[in-house]
Amino acid sequence: MKAIFNTSPLISLGKLGYLDKIFGIFSDVIIPKAVYEEVMGKNDEVSKKIRELVKTGKIKVLEVNAENIPGLHRGEIEAIVLAKINNCWVVLDDLKARKVARGENVKVIGTLGILRLLKDLGLVEFEPKELFKELTKVGFRIKKELFFEILGEQS
């Protein structure tokens with residue numbers, strides 16, 4: 001399976017230490033040039049990890065010409081366009097971007113969907129309650145009820 005990632009899922013998964021795990025789900029991981037530039041604008045451990053994955057060829061960076069879509073960031077727009085061109089998954093968390101992608105008949109999954117797949121495939125182990133705390137610490141925002149609906153009941 002192939003997937004195009006937007007910035008926020010990459011950063012969230014990176015902060016959790018799960019970036020290497022996504023290759024257990026997706027054979028091809030692609031990020032738009034705008035996403036790469038946004039991530040490289042930061043000088044932290046996640047950007048270093050992504051730079052390493054790009055350098056080794058595990059993550060491919062692609063450039064695409066995309067029209068502006070009001071209300072969406074450049075990376076979201078490019079991710080949606082690349083996913084449509086490649087007929088593959090787009091990994092987005094922003095609700096408006098997800099709606100636009102679905103309107104373009106693009107398959108959408110978010111950070112929580114990736115985490116659920118990682119757990120279901122046995123690639124990671126976590127207790128949902130602890131993961132919710134970790135995600136909150138790294139700045140991921142989601143309604144608690146929705147989180148536990150997707151990843152399991154709160155204990």
Side-chain angles (χ1 to χ4, degrees), residues 1-121 123-124 131-132 134-143 146-147 149-151:
M1 257 192 321
K2 185 185 297 190
I4 313 292
F5 275 75
N6 186 39
T7 309
S8 64
L10 274 178
I11 290 172
S12 296
L13 292 166
K15 286 181 176 180
L16 293 171
Y18 292 160
L19 268 181
D20 285 319
K21 304 294 185 184
I22 62 176
F23 305 105
I25 301 172
F26 303 107
S27 54
D28 290 319
V29 174
I30 300 165
I31 58 174
K33 186 176 180 190
V35 168
Y36 183 73
E37 290 171 351
E38 185 178 348
V39 172
M40 290 306 112
K42 305 171 188 315
N43 191 16
D44 59 11
E45 291 305 311
V46 175
S47 64
K48 290 176 187 171
K49 179 66 177 175
I50 292 169
R51 184 179 289 116
E52 172 193 317
L53 292 170
V54 168
K55 188 176 179 181
T56 61
K58 288 192 129 187
I59 293 178
K60 296 172 189 78
V61 178
L62 295 181
E63 194 167 351
V64 66
N65 290 324
E67 304 256 339
N68 192 33
I69 300 173
L72 297 187
H73 296 278
R74 192 97 204 108
E76 293 166 337
I77 297 166
E78 289 185 13
I80 293 166
V81 170
L82 281 171
K84 186 172 182 174
I85 291 169
N86 287 280
N87 190 28
C88 66
W89 289 92
V90 66
V91 186
L92 298 164
D93 287 330
D94 180 81
L95 214 48
K96 187 172 185 178
R98 292 167 70 98
K99 186 176 180 179
V100 169
R102 286 188 184 108
E104 294 292 324
N105 294 315
V106 174
K107 298 174 283 190
V108 180
I109 191 168
T111 300
L112 293 184
I114 298 288
L115 290 168
R116 179 65 192 244
L117 280 173
L118 289 171
K119 185 175 184 183
D120 290 351
L121 294 170
L123 297 169
V124 298
L131 180 63
F132 183 78
E134 281 300 309
L135 279 170
T136 303
K137 282 182 195 173
V138 301
F140 188 85
R141 296 183 328 240
I142 188 162
K143 291 181 182 174
L146 180 58
F147 172 88
E149 181 183 319
I150 295 170
L151 287 170

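None of these values were measured; they are calculated from a predicted model. Counting from 1, the numbers follow the sequence of the chain as shown.
- A heavy-atom distance below 4.5 Å is not found between the side chains of Ile4 and Val91.
- Under a 4.0 Å N-O distance rule, the pair Lys49/Asp20 qualifies as a salt bridge.
- Side-chain contact between Leu121 and Ile25 is present, with heavy atoms from C-beta onward closer than 4.5 Å.
- Heavy atoms of other residues, nucleotides or ligands lying less than 6.0 angstrom from NZ of Lys119 number more than 12.
- Atom CG of Asp28 and atom NZ of Lys60 lie 4.0 Å apart (nearest 0.5 Å).
- Exactly one of Glu37, Met40, Lys33 qualifies for a side chain to side chain contact (heavy atoms under 4.5 Å, CB included) with Val61. That residue is Lys33.
- The distance from atom CD of Glu134 to atom OH of Tyr18, rounded to the nearest 0.5 Å, is 8.5 Å.
- The cationic atom of Lys2 (NZ for Lys, CZ for Arg) does not lie both less than 6.0 Å from the six-membered ring centre of Phe26 and within 45° of the ring axis.
- Counting only distance, with no hydrogens or angles, the side chain of Glu78 and the backbone of Ala34 share a donor-acceptor pair below 3.5 Å.
- In this structure, CG on Asn87 lies 13.0 Å from CG on Leu82, to the nearest 0.5 angstrom.
- Closest non-hydrogen pair, Val106 versus Cys88, comes out as CG1-O, 3.9 Å.
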TODO: For Asp44 and Ser47, run side-chain contact (heavy atoms from CB on, under 4.5 Å): C-alpha distance rounded to whole Å, both residues' side-chain angles, the deciding distance at 0.1 Å, then the answer.
DONE: CA-CA 5 Å; Asp44 59 11; Ser47 64; 3.1 Å; yes
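- Salt bridge Lys55/Glu52: absent, no basic N to carboxylate O contact under 4.0 Å.
- Here the side chains of Val90 and Phe5 are not in contact, with every heavy-atom distance at 4.5 Å or above.
- In terms of modelled atom types and a separation under 3.5 Å, the side chain of Asp94 and the main chain of Glu76 share no donor-acceptor contact.
- More than 12 heavy atoms of other residues, nucleotides or ligands lie within 6.0 Å of CG in Leu146, so this atom counts as buried by the packing criterion.
- Looking at every heavy atom in both residues, Asp93 comes nearest to Pro9 through OD2-CG, 3.7 Å.
- Using a 4.5 Å heavy-atom cutoff, the side chains of Leu135 and Phe147 are in contact.
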Open item on the list: Using the rule given for side-chain contact (heavy atoms from CB on, under 4.5 Å), can you reason through Leu117 versus Ile109, listing the C-alpha separation, both sets of side-chain angles and the distance that settles it, and then say yes or no?
Closed with: CA-CA 10 Å; Leu117 280 173; Ile109 191 168; 3.6 Å; yes
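- The pair Asp120-Arg116 meets the salt-bridge criterion, with a side-chain N (NZ, NE, NH1 or NH2) lying under 4.0 Å from an Asp/Glu carboxylate O.
- In this structure, CD1 on Ile30 lies 5.0 Å from CG on Leu62, to the nearest 0.5 angstrom.
- Between Leu19 and Gly14, the closest heavy-atom pair is CG-CA, 3.6 Å.
- At least one side-chain heavy atom of Leu13 sits less than 4.5 Å from a side-chain heavy atom of Ile22.
- For Lys99, the NZ atom sits in a loose shell: 12 or fewer heavy atoms of surrounding residues, nucleotides or ligands are nearer than 6.0 Å.
- To the nearest 0.5 angstrom, Leu118 atom CG is 5.5 Å from Leu123 atom CG.
- Among all heavy-atom pairs drawn from Leu72 and Ile80, the shortest one is CD1-CD1, 4.1 Å.
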Task: Step-by-step side-chain contact (heavy atoms from CB on, under 4.5 Å) determination, Leu16 to Leu131 - done: CA-CA 9 Å; Leu16 293 171; Leu131 180 63; 4.0 Å; yes
Task: Criterion side-chain contact (heavy atoms from CB on, under 4.5 Å) on Trp89 and Val108, from CA distance to verdict - done: CA-CA 6 Å; Trp89 289 92; Val108 180; 5.6 Å; no
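- Residues Gly75 and Val35 approach most closely at CA-CG2, 3.7 Å, considering heavy atoms.
- Closest heavy-atom contact between Arg74 and Asn68: NH1-CA, 4.3 Å.
- Scored by the side-chain hydrogen bond (donor to acceptor under 3.5 Å, both in side chains) test, Glu104 finds Lys84 as partners (sequence neighbours excluded).
- Not one N or O on the side chain of Arg102 forms a donor-acceptor pair closer than 3.5 Å with the backbone of Lys107.
- Within the 4.5 Å cutoff, no side-chain heavy atoms of Leu151 are placed close to those of Phe132.
- Using a 4.5 Å heavy-atom cutoff, the side chains of Val46 and Leu10 are not in contact.
- Looking at Leu53 and Phe23, their side chains come closer than 4.5 Å, going by heavy atoms from C-beta outward.
- With values rounded to the nearest 0.5 angstrom, Ile31 atom CD1 is found 6.0 Å from Ile50 atom CD1.
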